[in-house]
Asker: 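I'd like to ask you about the structure that follows.
Hydrogens, waters and symmetry mates play no part in the numbers below; they use all other heavy atoms, side chains included.
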Amino acid sequence: MGAGIVVAGASLGGLRAAEQLRAAGWSGPITVVGDEPHMPYNRPPLSKEVLAGKAPFASLAFTPKAAAADVEWRLGARIVASRLTERTVSLEDGSVLPYDGLVVATGMRPRRLRCPGPLTGRHTVRTIDDAQGLRDELTRPGARVVVVGGGFIGCEVAAAAVALGVAEVTVVDPLPLPMVGPLGELLARALLKRHQERGVRFVLGTGVAGFEGEDRVTGVVLSDGTVLGADVVVESVGSVANTEWLDGNGLDLTDGVLTDGSLRVGGRPEVVAVGDVARFPNARYDGVPRRVEHWSIPTDTAKHAAKTLVGADPGPFAPLPTFWSDQHEFRLQSFGAPLLGRDDVRILDGDPAGDVLVGYHTGGRLVGVVALGGHAAATGAARYRAQLLRQPALTA
């Protein structure tokens, strides 16, 4: 028997890759390597229900499918280097794993602010350990919380802090509105109003210059010199692809790992990438390679990449990106690619003051829908899913 397939990364993408390889007919060895000590678990609830105390950490674990029961898991092991021409990866402990096939599924890590000041009291939310440490601090009586970054994670953390009873929650962002990048101005304004009505303070149009304090953070210094008192800081300023271990192989790693439409890496038939580390062209849209950090993407990419790796024809790769974000008692639900249609945004149903469904268009064509509100709004967005799936590619 050969060396088998090594899956680099033991989060959802790695799990789905192992399962889909079995589904695609691969019967040889599969070794999944991950730097966390935990088996794969569901990350989105970390900044939502789990942080707010509405779901236990134990509820996050995924159960691998029976077909993948013989997969070897090497957890708490970090891959530090690779030699693609020799088909090997090297681990931090000095061991070297040969492979016949390689799945790149190392995902992302939070970007950190490079500002002067103490590190203690500053948090990110990516892992179970991150969320547990942050929750412990949010439940301290009288905690003043400053969230840096008004994107998905930042807004979810602010909502979770309010749910925990934190009296002083402030979101800082250099942009004029929270989540204006992925949503556009119309929904971003509606989102801002809802957060403010529930007690979240926003300081927009300014960045962070540094942090005050000796042993731990006591304040956040803004670009205009204003100082916000803070006992807990959450940094939610984007993410960085975990690709350093692929350096030196002649790959395009400028924003994740560039792949072709079959998710092959660097033109190599034995190397594929899955999950949010993959920068792939989507045949449903314009063919421009992009990374997509949505929950649906690990499963979509794993199914396609597994077929590629075993030599089957996976056909065109045209996933329909899907995301949701629970904040306070309302939900954002999206299907499609709103980012491509932010210049032509129309209300399809409802009103921004209540439940609202918004459509995003390119050349008059609907390319994405986002609902904001309760269950009825999310259901309304789901009704457009079939329409989005039926449409031909933008490049067709």
Asker: Where do T120 and D215 land on the side chain to side chain contact (heavy atoms under 4.5 Å, CB included) test, with the steps shown first?
Answerer: CA-CA 7 Å; T120 303; D215 297 328; over 6 Å; no

Asker: Please report whether the ring centroid of F335 lies less than 6.0 Å from that of Y384.
Answerer: no

Asker: Out of curiosity, T362 OG1 to L339 CG, how far, rounded to the nearest 0.5 Å?
Answerer: 9.5 Å

Asker: How far does NE2 of H294 sit from CH2 of W324, to the nearest 0.5 angstrom?
Answerer: 11.0 Å

Asker: Under 4.0 Å between a side-chain nitrogen and a carboxylate oxygen: does that hold for D70 and R22?
Answerer: yes

Asker: Can you tell me if R268 has over 12 outside heavy atoms packed within less than 6.0 Å of its CZ?
Answerer: yes

Asker: Please step through side chain to side chain donor-acceptor pair (under 3.5 Å) for the pair Y99 and E270, ending with a clear verdict.
Answerer: CA-CA 9 Å; Y99 64 80; E270 78 282 2; 5.1 Å; no

Asker: Output yes when R291 and D255 qualify as a salt bridge under the 4.0 Å nitrogen-oxygen rule, no when they do not.
Answerer: yes

Asker: With a 6.0 Å cut-off (strictly less than), is the heavy-atom count around CD of E197, excluding the residue itself, greater than 12?
Answerer: yes

Asker: How many angstroms lie between atom CG of L183 and atom CD of E185, to the nearest 0.5 angstrom?
Answerer: 12.0 Å

Asker: Does E137 form a salt bridge (Lys or Arg N to Asp or Glu O under 4.0 Å) with R216? I'd like the steps, not just the answer.
Answerer: CA-CA 13 Å; E137 293 226 53; R216 64 171 294 136; 2.8 Å; yes

Asker: What residue among T127, D130, L60, I128 forms side-chain contact (heavy atoms from CB on, under 4.5 Å) with R43?
Answerer: T127

Asker: If you count every heavy atom of other residues, nucleotides or ligands that lies below 6.0 Å from D351 atom CG, does the total exceed 12?
Answerer: yes

Asker: Step by step, work out the side chain to side chain contact (heavy atoms under 4.5 Å, CB included) result for L97 and T88.
Answerer: CA-CA 5 Å; L97 300 181; T88 62; over 6 Å; no

Asker: Charged N to carboxylate O under 4.0 angstrom, K48 versus D326?
Answerer: no

Asker: Would you please test F152 and F323 for side chain to side chain contact (heavy atoms under 4.5 Å, CB included) and show each step?
Answerer: CA-CA 10 Å; F152 287 101; F323 75 78; 3.4 Å; yes

Asker: For residues I297 and I153: do they belong to one hydrophobic cluster (side chain heavy atoms under 4.5 Å, members Ile, Leu, Val, Met, Phe, Trp, Tyr)?
Answerer: no

Asker: Side chains of R194 and F330: does their closest heavy-atom pair fall under 4.5 Å?
Answerer: yes

Asker: Should V71 and F62 be counted in the same cluster of Ile, Leu, Val, Met, Phe, Trp and Tyr side chains packed under 4.5 Å apart?
Answerer: yes

Asker: Is W245 reachable from L84 through a run of hydrophobic residues whose side-chain heavy atoms are each under 4.5 Å from the next?
Answerer: yes

Asker: Are L228 and L119 connected, step by step, through hydrophobic side chains (Ile, Leu, Val, Met, Phe, Trp, Tyr) whose heavy atoms are closer than 4.5 Å?
Answerer: no

